[in-house]
Amino acid sequence: MSQFDFDLFVIGAGSGGVRASRIAAGYGAKVGICEESRVGGTCVIRGCVPKKLMTYAAHYSEDFEDARAYGWSVGETSFDWQKFIQAKDREIDRLNGIYLGLLSNAGVELIEGRGVFLDRHTVKVGARTITAKTILIAVGGRPFIPDFPGSELAISSDEAFHLDSLPKRITIVGGGFIATEFAGIFHGLGSQVTQIYRGDVLLRGFDDDVRAAVTAGLIEHGIDVRLECGVREIKATTDGSYSLQLNSGKILLADQVMYATGRYPHTPGLGLAAAGVNTDNTGVIPVDEFSATNIANIYAVGDVTNRINLTPVALHEGHAFADTVFGKQPRSCDHRFVPSAVFSNPAVGTVGYTETEARELFPQVLIYKSSFKHLKHTLTYSKQKMLMKLVVEAKTDRVVGVHVVGQDAGEIVQGFAIAVKSGLTKAQFDATIGIHPTAAEELVALRVPVGE
Ligand code: NDP
């Protein structure tokens with residue numbers, strides 16, 4: 001009989017925590033998990049899933065326009081925010097139920113409440129004190145809003161999913177994943193959108209051509225993108241809207257102000273000091289390749305470790321942890337060549353090195369790229385162009401980067417990510433016959449490197 005209540009106790013029932021707990025339970029471990037909010041975590045409850053549903057909702061306005069260009073008579077259209085939010089919430093409830101079912105079917109005990117460490121083997125959840133041989137921290141992150149006069153008036157993406165009504169005018173601050181995606185969402189749904197970014201091109205960290213194409217695309221769509229711009233102060237006005245004073249001194253009015261200025265690990269108040277778990281000065285828990293913290297029986301996965309903050313990565317990390325610690329199959333999550341997408345409009349799909357990164361890493365790099373009008377838009381009024389770019393290491397001929405901007409970019413790059421991850425060469429891309437007519441066929445038809 002073990003001296004502990006559980007073999008494994010997991011703090012946080014999001015993507016990484018749920019996956020780790022049920023895989024460990026499958027290996028015969030006695031597992032408990034606690035969650036202070038709803039089971040499913042950021043991705044399911046207030047992230048990827050509801051956000052993607054919102055991008056679908058938003059896209060209809062453009063689809064109606066495109067349909068007219070194809071000869072359809074589209075009657076008067078209108079968007080019912082409440083109806084959409086209710087439908088979206090029903091789907092989130094359904095997914096939350098599936099996650100609850102996954103835990104109970106695996107025999108994992110769910111304890112509702114926030115877990116706080118008392119020592120390296122003990123966690124308090126509400127009135128209950130729980131001991132466990134191994135503890136996994138999977139608490140994720142929270143939106144970060146900088147502190148300045150009136151910053152408490154701004155919402156984050158958490159609240160954006162539950163607004164009472166669609167704002168007529170919304171100002172979104174930030175130039176990363178969330179700000180750029182929500183700018184497209186609110187614009188598509190009919191809001192007048194201003195996006196404020198402190199840098200000179202959106203999506204820092206992405207390939208420069210991708211960044212330029214997305215920034216231009218948003219402006220083309222009619223989003224008021226203000227670059228090298230900041231907010232000094234937000235004030236509530238008497239009519240229920242907000243007045244933003246920009247760094248330039250100019251005043252901007254909005255009905256909602258949303259900040260998407262990054263996320264921080266949800267470690268404050270977790271009692272990490274009582275367990276002796278180290279964090280860096282931003283609250284991130286450093287871990288080794290097996291997700292082990294500095295304390296032998298405590299592990300951490302997902303956004304709280306700030307490796308690559310994406311759901312599929314947290315799932316892999318959680319699964320690898322369970323295989324290693326409970327399945328006697330030590331393995332680590334491979335963080336190389338992780339593809340990602342930004343569901344902005346235009347959308348981005350990317351895997352591997354940017355051109356700049358590749359030029360730093362390899363002595364010689366070949367770049368292949370093409371910018372063209374999607375066949376669908378030859379009949380519509382859209383001026384949007386697709387961008388396809390390959391980054392090739394010259395010496396080995398390996399394709400080390402694939403970058404796509406435009407319709408279905410994420411769907412396209414998911415398949416090409418296998419090729420890049422597998423180390424396929426440009427010659428093997430060239431030997432692959434395209435599917436005609438698709439946009440993606442361009443990626444196997446790029447023959448002449450840029451500049452040659
Ligand atoms: P990001 O790190 O992507 O972007 C943060 C943005 O806020 C950057 O443009 C940054 O500017 C800006 N910023 C940071 N601090 C300040 C400040 N004090 N004042 C003004 N601007 C500031 O974070 P997000 O919040 O957009 O998303 C968080 C994470 O969630 C992402 O990194 C990603 O891992 C994940 N995510 C993934 C999605 C997907 O896969 N599709 C979708 C949504 C989120 P600068 O560039 O100058 O630093």
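When a ligand or atom number is given, it counts from 1 through the structure's own listing order. Below, each value reflects all heavy atoms present in this structure, side chains not excepted, and no hydrogens, waters or symmetry copies.
Residue Gly262 places at least one N or O, backbone or side chain, under 3.5 Å from an N or O of ligand 1. Of the polar atoms of Ala341, at least one N or O is found under 3.5 Å from an N or O of ligand 1, judged by distance alone. At least one N or O atom of Tyr197, backbone or side chain, sits closer than 3.5 Å to an N or O atom of ligand 1. For a threshold of 3.5 Å applied to N or O pairs, the pair formed by Arg263 and ligand 1 contains no separation below that value. In terms of polar-atom proximity, defined here as any N/O pair under 3.5 Å, Ile178 does make such a contact with ligand 1. At least one N or O atom of Phe177, backbone or side chain, sits closer than 3.5 Å to an N or O atom of ligand 1. Polar contact with ligand 1: present for Gly176 (N/O pair, distance under 3.5 Å). Checking only distances, Val173 never comes within under 3.5 Å of ligand 1, N or O to N or O.
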Going through the distances and angles, do His403 and Glu355 end up as a side chain to side chain donor-acceptor pair (under 3.5 Å)?
-> CA-CA 10 Å; His403 308 280; Glu355 179 177 346; over 6 Å; no
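Residue nearest to atom 12 (C) of ligand 1, selected from Thr261, Val313, Thr180, Thr311: Thr261 (by heavy-atom distance).
The protein heavy-atom contact nearest to atom 42 (C) of ligand 1 is Glu181 OE1, 3.2 Å. The nearest heavy-atom contact from the protein to atom 34 (O) of ligand 1 is Asn309 O, 2.8 Å. Looking only at protein heavy atoms, the nearest one to atom 45 (P) of ligand 1 is Arg204 NE, 3.3 Å. Ranking protein heavy atoms by distance to atom 9 (O) of ligand 1, first place goes to Gly175 N, 2.8 Å. Looking at atom 16 (C) of ligand 1, its nearest protein heavy atom turns out to be Arg198 NH1, 3.3 Å.
Cation-pi contact between Lys88 and Phe161: absent, since separation from the ring centre below 6.0 Å together with deviation from the ring axis within 45° is not met. Because its NZ or CZ atom is both nearer than 6.0 Å to the ring centre of Tyr368 and within 45° of the ring axis, Lys426 counts as a cation-pi partner of that residue.
The six-membered or imidazole ring of Phe9 lies away from that of Phe117, with a centre-to-centre distance of 6.0 Å or more. Less than 6.0 angstrom separates the ring centroid of Phe148 from the ring centroid of Tyr259.
Here Ser340 has no heavy atoms under 4.0 Å from ligand 1, in either its backbone or its side chain.
Ligand-side atoms of ligand 1 in range of Leu310: 37 (C), 40 (O), range being under 4.0 angstrom from any heavy atom. The distance from ligand 1 to the heavy atoms of Ala260 drops below 4.0 Å at these ligand atoms: 5 (C), 6 (C), 7 (O), 25 (O). Which parts of ligand 1 touch Lys51 is read off a 4.0 Å heavy-atom cut-off, strictly below it: atoms 41 (N), 42 (C).
Asp303 and Arg142 are not joined by a salt bridge, as no carboxylate oxygen comes within less than 4.0 angstrom of a charged side-chain nitrogen. A salt bridge links Arg94 to Glu91: at least one charged side-chain nitrogen sits closer than 4.0 Å to a carboxylate oxygen.
For the side chain to side chain donor-acceptor pair (under 3.5 Å) with Thr380, the lone residue among His377, Lys383, Gln384 that qualifies is His377. Of the listed residues (Glu289, His316, Glu317), just one forms a side chain to side chain donor-acceptor pair (under 3.5 Å) with His335, and that residue is Glu317.
Listed for the Gln82 side chain is a donor-acceptor partner under 3.5 Å among the backbone atoms of Asp164. For the pair Ser243 (side chain) and Lys235 (backbone), a donor-acceptor distance under 3.5 Å is absent.
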